[in-house]
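All remarks here apply to the structure that follows.
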Amino acid sequence: MSGGPAVNGGPTAGGGLSTNGGLSTNGGPGVSGGPTVHGDLAELRERARAVLDPAHYDYYAGGVGDEVVLGENEAAFRRLALLPRVLRGRATRDLAVDLPGGRLALPVLVAPTAFHRLAHPDGELATARAAAAAGTVLVSGVASTVAIAEVVAAAREVDAGAAVWFQLYPHPEHDVTACLVRRAERAGCTALVVTADSPVFGRHRRDAEHGFHDLPEGLAAENMRDLPGGPPGGTRDIAMSPAVSWADLDRLRALTSLPVWLKGVLHPRDAVLAVEHGAAGVVVSNHGGRQCDLVPAAVDALPAVVEAVAGRVPVLLDGGVRGGGDVAVALALGAAAVGVGRPVLWGLAAAGEAGVARVLDLLRDEFDHVLALCGGRDPADLTRDLVVPRGTGVSARCG
Ligand SMILES: Cc1cc2nc3c(=O)[nH]c(=O)nc-3n(C[C@H](O)[C@H](O)[C@H](O)COP(=O)(O)O)c2cc1C
Ligand SMILES: CCCCC(=O)C(=O)O
């Protein structure tokens, strides 16, 4: 299991005729060093499947229960269409978005996913470098196989201004949470992301079938090392607790001056509570279909949350984003930016840093293309009236 040979020489993204603007997108910096990787997201996924241990591939790919929500996250995007505006664009577009905790050169960030060294020996170091080179945020998980200080250092070697956020689950022992927060601050993280959708860990049939319950020898959740109550030099388990409450969010906020995002919000009332409890923003997410198999697709839950939040804080979305068109739809429905989880893991497994760079490059290029097709100059031009249910052609709010 390693990066393996460069991904095959399929057509480059976009391909085709040199029209004005051609394949270059917003004239932003090229993504990352290393070998050029070709292939689209589906090809990268197949490459990942070929190189990964099947148990690890299924850990990444799988979802909870019957995997209904896993499929729905992507299918829900296919049920939506864009109603473009014409004759109002401009030659080059500005894709950047400012968020509490950092500026994104494109409205796509890397969602927190666990255990990147299962995908590639460079693990989160490779992901951090590629995200920094693309000018976007890596949300680095507490369940990373590289300690957060090293992750941030890798990003900052590429771009001294790179923003890395730290995702955590509030630990039932408060001194453990406090220690994790201090580590993230000392590492130089610019925001925290509290995941709220995991009072218990989702039951994944694929993991049970493979008997995949532990990391292989030599890999560990490095942020969990040397914590209060743990063995010297050893790690503590990542605890998920059904007793976690809004008081834990308050306590965590009192520990830090960093912006704190709340991830895993689906109910509009919880989005309002998040604002009232001082969250800097909310992430509409069903954990990529990995927690509860009865919930709506993430993009279906987005509009009600956006409406409830009413512009008081930014709203992010993750789950099922597989192309620049999905990014555009989510933004038109009110997301400030989107997160991608599995596509980044496929890029990482396929070709390490260059593979992650390829994923982010594809998304940026496609998003820029769709934005141009919608007569957009920047993400703010993607408004709610541009999204219609597929098969109707008419938005309730059109006109
Ligand atoms: C293998 C894997 C591990 C994940 N680990 C975490 C995690 O540790 N913390 C977290 O908040 N979300 C985690 N997520 C959820 C992602 O942050 C994100 O919500 C989801 O992957 C988005 O869906 P997508 O994979 O369809 O893009 C994980 C997702 C996957 C696929
Ligand atoms: C114990 C690490 C949690 C990883 C996670 O959130 C997931 O696999 O979905």
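Both counts, for ligands and for their atoms, begin at 1 and track the order of listing.
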Next item on the list: For ligand 1, find out whether one of its N or O atoms is nearer than 3.5 Å to an N or O atom of A111.
Entry: no

Notebook entry, point to check: With a 4.5 Å limit on heavy-atom distance, are the side chains of L104 and V137 in contact?
Noted result: yes

Item checked: Pairwise side-chain contact, L83 with D385, heavy-atom cut-off 4.5 Å (strictly under) -> no

Next item on the list: Could you check atom 9 (O) of ligand 2 against the protein and tell me its nearest heavy-atom contact, residue, atom and distance included?
Entry: R290 NE, 2.8 Å

Check: So which heavy atom in the protein is nearest atom 6 (C) of ligand 1, and how far is it from that ligand atom?
Finding: P112 O, 3.3 Å

Item checked: Other residues, nucleotides, ligands: >12 heavy atoms within 6.0 Å of R90 CZ -> yes

Next item on the list: Considering only non-hydrogen protein atoms, determine which one is nearest to atom 1 (C) of ligand 2 and report residue, atom name and distance to 0.1 Å.
Entry: I238 CD1, 4.1 Å

Item checked: Heavy-atom nearest neighbour of atom 26 (O) of ligand 1 within options Q291, H116, R322 -> R322

Next item on the list: Inspect the surroundings of CZ in R49 and state if more than 12 heavy atoms from other residues, nucleotides or ligands are less than 6.0 Å away.
Entry: yes

Margin query: I'd like to check D58 versus H204 (side-chain heavy atoms, cut-off strictly below 4.5 Å). Are they in contact?
Written below: no

Check: Would one find an N or O of R290, backbone or side chain, under 3.5 Å from an N or O of ligand 1?
Finding: no

Checklist line | Proximal atoms of ligand 1 relative to S285 (non-hydrogen, under 4.0 Å) | finding: 19 (O)

Note to self: Using a 4.0 Å cutoff against the non-hydrogen atoms of G320, which atoms of ligand 1 qualify?
What the structure shows: 24 (P), 26 (O)

Margin query: So is F115 touching ligand 1 or not, going by heavy atoms under 4.0 Å?
Written below: no

Next item on the list: Return yes or no for this condition: an N or O of Y60 is under 3.5 Å from an N or O of ligand 1.
Entry: no

Check: Between H56 and F212, does the ring centroid distance fall short of 6.0 Å?
Finding: yes

Check: Which protein non-hydrogen atom lies closest to atom 21 (O) of ligand 1, naming both residue and atom, and how far is it?
Finding: G341 CA, 3.7 Å

Notebook entry, point to check: Under 4.0 Å from ligand 1, counting heavy atoms only, is it the side chain of Q167, its backbone, both or neither?
Noted result: side chain

Notebook entry, point to check: Do V284 and L316 come close enough that some side-chain heavy atom pair is under 4.5 Å?
Noted result: no

Item checked: Protein heavy atom at shortest distance from atom 2 (C) of ligand 2 -> A143 CB, 3.8 Å

Check: So is A114 close enough to ligand 1, meaning a heavy atom under 4.0 angstrom away?
Finding: yes

Item checked: Structural part of Y169 in contact with ligand 2, heavy atom criterion under 4.0 angstrom -> side chain

Notebook entry, point to check: Does the side chain of T113 come within less than 4.5 Å of Y60's, by heavy atoms?
Noted result: no

Note to self: Within ligand 2, which atoms have a heavy atom of A114 less than 4.0 Å away?
What the structure shows: 4 (C)

Next item on the list: Between K263 and ligand 1, find which residue part has any heavy-atom pair under 4.0 Å and reply side chain, backbone, both or neither.
Entry: side chain

Item checked: Flag side-chain contact, heavy atom, 4.5 Å: D381 against R88 -> yes

Margin query: Tell me the protein heavy atom at minimum distance from atom 8 (O) of ligand 1, and give that distance in Å.
Written below: Y169 OH, 3.4 Å

Margin query: Quick check: W261 with F166 (ring centres under 6.0 Å apart)?
Written below: no

Item checked: Side-chain touch Y169/L180, heavy atoms, less than 4.5 angstrom -> no

Note to self: Among D318, V110, I238, which one puts a heavy atom closest to atom 19 (O) of ligand 1?
What the structure shows: D318

Checklist line | H287, any N or O under 3.5 Å of ligand 2 N or O | finding: yes

Item checked: Element-labelled atoms of ligand 1 that are located less than 4.0 Å from some non-hydrogen atom of G319 -> 22 (C), 23 (O), 26 (O)

Next item on the list: Check each heavy atom of T195 against ligand 1 and say whether those closer than 4.0 Å belong to the side chain, the backbone, both or neither.
Entry: side chain

Next item on the list: Taking all heavy atoms of D378 and all of L371, pick out the closest pair and write down the distance.
Entry: O-CD1, 3.8 Å

Next item on the list: For residues V299 and D326, determine if any side-chain heavy atom of one lies less than 4.5 Å from a side-chain heavy atom of the other.
Entry: no

Notebook entry, point to check: With no hydrogens and no angle check, is any side-chain donor or acceptor of R322 less than 3.5 Å from a backbone partner on F77?
Noted result: no

Checklist line | Protein contact to atom 4 (C) of ligand 2 [nearest heavy atom, distance to 0.1 Å] | finding: Y59 OH, 3.5 Å

